[in-house]
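Values below: all heavy atoms of this structure, side chains included; hydrogens, waters and symmetry mates excluded. Please read all numbers here as calculations on a predicted model, not as lab measurements.
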Amino acid sequence: MKQKKRKRNHVSLRVNILFFIVFILFSVLILRLGIVQIVHGESYKREVEKTEDVTVNTPVPRGKMLDRYDRVIVDNKPLNAVTYTRLKGVKQEEKLKIAKSLAKIIDLPVTTNVFGDEDQKSDDKNIVKLTERDLKDYWIATNPEEAKKKITDSDLKKVEQGKLKEEDLYPLQLKRITKKELNTLKDDLEVIAIKSKMETGYELTPQIIKSGLNDQEMAVISEQLSTLPGVDVTTYWDRMYTYDSLLSTLLGNITSADEGLPRENLQYYLSHGYSRNDRVGKSYLEKQYENVLRGQKARIQHVTDRSGNILEEKIVSEGQRGSDLVLTIDMELQKQIEEILTNGLLKAKAAKPGTSLLDRAFIIMMDPHTGEILAMGGKQLVYNESSGKREVKDFALGNITTAYEMGSTVKGATILAGLDSGAINLGTVFYDSPMYFKGGGKKQSSHPIGSAGIGRALEQSSNVYMYKTVLSMAGENYVPHGGLNIPRKTWDQLRSYYSQFGLGVSTGIELDNETTGMIGSDYSLPGKALDLAIGQYDTYTPLQLVQYTSTIANNGYRLKPQLVKEIREPELDTELKGSVQKSVEPEVLNRITMSQEEINAVKAGFRRVMTSGTARAQFSSEPYKPAGKTGTAETYSKGVSVRNSNLIAYAPYDNPEIAMAVVVPSAYVKGTSHALNRELGQAAMRAYFDLKKKGEQELGEKEKQQEEHNQTND
């Protein structure tokens with residue numbers, strides 16, 4: 001009994017000690033919590049409220065574009081800019097305060113017609129056009145008490161009755177703002193413009209308020225950044241064109257900072273890591289090679305509190321400018337071609353007879369062995385009503401977006417179609433004299449040439465030889481004053497042969513909006529099949545025409561037209577080349593089905609055109625030994641009978657290194673003539689051979705500098 005009592009006392013002592021220890025631990029815990037709450041409470045509260053927000057991508061320079069001899073075509077121009085980053089929880093009055101402060105520092109051009117004035121015209125990219133809605137929104141924000149009075153008790157009662165919704169009240173306020181009240185804002189337009197730009201930005205994405213800050217604006221803003229939350233100064237990159245507007249339509253454009261991502265492709269760009277206000281290529285080369293030119297944006301992680309205030313910025317990556325495109329174009333040749341076209345058009349309009357409807361011309365030049373386009377010139381005459389004068393504008397894109405009847409230039413394809421189909425052979429001779437058909441139809445050449453084989457038919461541009469070739473393809477024998485029957489299958493067969501050369505089909509060029517021309521569909525008129533054979537029915541583009549020329553020049557290989565030669569890594573030193581990321585190799589689309597002997601027969605005829613035929617006056621004494629074919633197509637423009645005047649050529653004839661197409665739509669009206677097509681072609685060919693050596697020398701000097709640099713680094 002005594003032992004049990006001792007044991008109970010021993011257990012009780014242990015429990016008491018345990019409770020004492022627990023009491024001490026709770027006391028320490030309570031004391032610690034008190035210290036955390038009272039002494040460090042605010043500090044820990046800030047830490048708890050601190051959040052890491054989205055990673056922001058900031059723009060880097062786009063890649064450059066260079067010509068085939070490494071001359072810079074498109075570069076980037078750095079501009080100082082002020083930006084505003086929209087943060088969470090920032091009140092309207094705080095934004096208004098920032099806008100007023102900025103308005104005192106920067107000069108932002110503003111235009112509006114709200115007050116009955118005409119919009120001012122300006123080339124300034126910073127100009128802000130304010131709408132009546134912009135002004136009304138600002139008036140409500142700055143006159144809250146007066147704005148409340150715009151809502152009547154009757155309006156509120158209708159809301160209670162369910163006749164109006166809460167969201168209907170703001171439009172009522174806007175509607176009831178008077179002109180007199182808006183007139184009080186005339187002195188606040190710049191503030192309104194700045195605030196409007198601040199509102200358009202996406203959260204935690206810098207929005208450009210003004211680019212091209214002068215030194216004084218830059219200095220003052222930099223000094224006051226601590227008092228302008230969300231405002232920053234940065235470098236903004238704008239595209240710079242070394243050759244001004246030369247080839248501008250083909251190079252394409254990029255969106256402005258205000259435009260941002262194109263709405264029609266918004267989801268695509270967002271899914272590929274773009275921000276909504278990023279500038280992207282929106283046309284032609286800038287658009288086609290957007291993924292190459294865009295570069296890797298710098299990434300900055302913003303750490304913010306719950307109010308949206310930026311507490312810290314962490315640079316995740318520095319970013320890298322876009323890769324460079326080396327184009328196939330020779331810009332010095334392009335410059336010469338555009339001058340030739342401009343001068344030719346203006347002189348023709350001033351001095352040549354029958355040029356009332358002449359308003360455009362094209363010259364396109366291609367390497368027949370690679371498909372590389374060396375020059376793509378297009379010019380259009382436009383009447384400026386304000387100045388009362390004609391202006392010459394770039395229309396290089398017309399080489400792929402517009403199509404015309406090409407006349408006798410296609411006769412080489414017609415001859416080869418006849419040969420391959422078995423309708424004629426290399427020794428076939430036809431007698432060229434007017435052809436008469438039942439019902440009074442008449443078909444003839446510009447002048448009868450009597451008996452002619454393939455060579456003479458091309459040299460003198462015999463229409464009759466082509467007509468009889470098509471009749472033979474159709475299994476028809478010509479009978480004077482007899483009927484004419486050309487079955488549909490012959491039309492299809494002839495067009496199928498033309499397509500082997502690229503006529504009437506896509507050339508394969510990787511640019512938007514290429515047209516393949518117009519295919520005539522009136523098969524009830526068999527005479528149109530004869531017109532088709534001499535290039536006076538279907539229409540083709542200048543690019544299709546030069547692809548056809550190249551196919552014959554290189555002995556039968558239709559090559560894909562190329563505008564990009566290389567893609568290179570960006571190089572910090574502007575005098576040096578970046579390493580090649582990708583070289584664009586020649587791509588053969590098809591080989592024509594004609595034999596080499598048959599192709600040679602046409603090439604011999606094309607050479608005769610230049611030495612003793614329809615183009616001898618301009619080309620017979622040229623040292624580069626050209627071959628080619630002239631072409632005149634009868635057509636209509638604005639109800640008037642006109643003539644398209646065209647030319648194809650390549651040189652030297654025995655080892656071609658350049659192929660060319662010259663297209664002059666509506667060159668003159670019926671009853672007149674001139675040699676503008678041949679004059680343009682002669683000048684263009686001379687320019688190519690004169691400039692080729694100069695470009696190669698420039699490239700050689702640059703490669704020597706590159707080699708010396710590499711040796712120094714090694």
Side-chain angles (χ1 to χ4, degrees), residues 341 344-345 348-349 352-363 378-383 390 395 397-411 413-414 434-435 437 439-447 461 463-464 466-467 470 484 486 491 494-495 498 503-504 515-545 548 614 629-648 661-678 680:
L341 285 168
L345 279 172
K349 292 294 285 188
K352 305 285 186 185
T355 58
S356 58
L357 295 175
L358 171 64
D359 71 342
R360 65 193 66 184
F362 307 93
I363 299 174
K379 290 295 180 181
Q380 186 173 22
L381 285 171
V382 179
Y383 183 75
R390 295 190 189 96
F395 195 37
L397 284 176
N399 283 283
I400 66 171
T401 62
T402 60
Y404 311 93
E405 292 91 343
M406 296 301 185
S408 298
T409 57
V410 306
K411 286 178 178 176
T414 302
M435 302 173 68
F437 298 96
K442 179 182 178 182
K443 293 286 186 180
Q444 62 184 356
S445 302
S446 59
H447 58 280
S461 200
N463 290 342
V464 171
M466 309 305 144
Y467 298 152
V470 172
L484 179 61
I486 307 292
W491 296 71
L494 190 56
R495 284 175 174 147
Y498 286 167
L503 297 172
T515 183
T516 56
M518 185 201 76
I519 302 298
S521 58
D522 193 350
Y523 301 105
S524 64
L525 298 174
K528 293 294 184 182
L530 304 185
D531 293 337
L532 174 63
I534 62 170
Q536 297 197 152
Y537 192 46
D538 290 357
T539 65
Y540 312 115
T541 67
L543 180 61
Q544 289 174 329
L545 197 62
Y548 149 68
T614 55
K629 184 74 186 75
T630 57
T632 303
E634 300 178 9
T635 186
Y636 285 86
S637 177
K638 300 178 181 179
V640 178
S641 179
V642 296
R643 303 293 182 266
N644 296 342
S645 185
N646 311 309
L647 171 74
I648 60 171
V662 179
V663 178
V664 189
S666 303
Y668 49 87
V669 299
K670 184 178 180 180
T672 63
S673 66
H674 55 71
L676 182 58
N677 61 332
R678 285 163 281 163
L680 294 176

**Student:** So does Lys349 have more than 12 non-hydrogen atoms from other groups sitting under 6.0 Å from NZ?
**Tutor:**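 Enclosed: over 12 neighbouring heavy atoms sit under 6.0 Å from NZ of Lys349.
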**Student:** Considering non-hydrogen atoms only, spot the tightest contact between Gly378 and Asn399 and give its length.
**Tutor:**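 That would be N-ND2, 4.2 Å.
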**Student:** I want to check something: taking the side chain as every heavy atom from C-beta on, are Lys629 and Ser408 in contact at a cut-off of under 4.5 Å?
**Tutor:** yes
**Student:** Counting C-beta onward and ignoring hydrogens, is there a side-chain heavy-atom pair between Ile534 and Thr414 closer than 4.5 Å?
**Tutor:** no
**Student:** Using a 6.0 Å cut-off, check whether atom OH of Tyr523 has over 12 heavy atoms from anything other than its own residue.
**Tutor:** yes
**Student:** When rounded to the nearest 0.5 angstrom, what distance separates OH in Tyr467 from CE in Met435?
**Tutor:**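 If we round to the nearest 0.5 Å, Tyr467:OH and Met435:CE are 8.5 Å apart.
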**Student:** If you measure from CG on Leu545 to CG on Leu503, what distance do you get to the nearest 0.5 Å?
**Tutor:**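 Going from the CG atom of Leu545 to the CG atom of Leu503 covers 7.0 Å.
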**Student:** Measure the spacing between CG of Leu494 and OH of Tyr537 and express it to the nearest 0.5 Å.
**Tutor:**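 These two atoms lie 13.0 Å from each other.
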**Student:** Output all residues satisfying side-chain contact (heavy atoms from CB on, under 4.5 Å) with Ser445, sequence neighbours left out; order by chain, then residue number.
**Tutor:** Asp432, Ser462, Asn463, Val464
**Student:** Looking at every heavy atom in both Leu647 and Asn677, which two are closest together, and how far apart are they?
**Tutor:** CD2-O, 3.8 Å
**Student:** How about Tyr548 and Tyr498: are their ring centres within less than 6.0 Å of each other?
**Tutor:** no
**Student:** Hey, does the side chain of Asp538 reach the backbone of Gly520 with a donor-acceptor pair shorter than 3.5 angstrom?
**Tutor:**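 A pair under 3.5 Å: yes.
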**Student:** Determine the minimum heavy-atom distance between Pro542 and Ala661, stating which atoms define it.
**Tutor:** O-CB, 3.9 Å
**Student:** To the nearest 0.5 Å, what is the distance between CD1 on Ile363 and NZ on Lys379?
**Tutor:** 11.0 Å
**Student:** Identify the residue among Asn644, Leu341, Leu680 that makes a side chain to side chain contact (heavy atoms under 4.5 Å, CB included) with Val664.
**Tutor:** Leu680
**Student:** Look at the rings of His674 and Tyr668 and say which category their plane angle falls in: under 30° parallel, 30 to 60° tilted, over 60° perpendicular.
**Tutor:** perpendicular
**Student:** How far does CZ of Arg643 sit from OG1 of Thr632, to the nearest 0.5 angstrom?
**Tutor:**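 Nearest 0.5 Å value for the CZ-OG1 distance: 8.5 Å.
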**Student:** Which distance, rounded to the nearest 0.5 Å, do you find between the CE of Met406 and the OG of Ser645?
**Tutor:** 11.5 Å
**Student:** Step by step, work out the side chain to side chain contact (heavy atoms under 4.5 Å, CB included) result for Leu532 and Val470.
**Tutor:** CA-CA 10 Å; Leu532 174 63; Val470 172; over 6 Å; no
**Student:** I'd like to know if the side chain of Glu634 and the backbone of Ser641 have a donor-acceptor N/O pair within less than 3.5 Å.
**Tutor:** no
**Student:** For a 4.5 angstrom cut-off between non-hydrogen side-chain atoms, does Leu484 reach Leu530?
**Tutor:** yes
**Student:** Does Phe437 offer a backbone N or O that forms a donor-acceptor pair with the side chain of Lys442 under 3.5 Å?
**Tutor:** no
**Student:** Glu405 and Thr635: which non-hydrogen atoms are nearest, and at how many Å?
**Tutor:**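 It is OE2-OG1, 3.2 Å.
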**Student:** Could you name each residue pair satisfying salt bridge (Lys or Arg N to Asp or Glu O under 4.0 Å) that touches residues 520-531, not counting sequence neighbours?
**Tutor:** Lys443-Asp531
**Student:** Of all heavy-atom pairs between Thr541 and Ile400, which one has the smallest distance, and what is that distance?
**Tutor:**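 Answer, listing the atom of Thr541 first, then Ile400: CG2-O, 4.0 Å.
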**Student:** Between Ser461 and Thr614, does a side chain to side chain donor-acceptor pair (under 3.5 Å) hold up when you go through it step by step?
**Tutor:** CA-CA 7 Å; Ser461 200; Thr614 55; 5.8 Å; no
**Student:** Contact between Asn646 and Tyr404 at the side-chain level, heavy atoms closer than 4.5 Å - yes or no?
**Tutor:** no
**Student:** Decide yes or no for Gln544 and Thr516: does some side-chain heavy atom of the first lie under 4.5 Å from some side-chain heavy atom of the second?
**Tutor:**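 In short, these two side chains touch, coming nearer than 4.5 Å.
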**Student:** Specify the closest pair of heavy atoms between Ser637 and Ser666, including all atoms of both residues, with the distance to one decimal.
**Tutor:**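 Reported closest heavy-atom pair: CB-OG, 3.6 Å.
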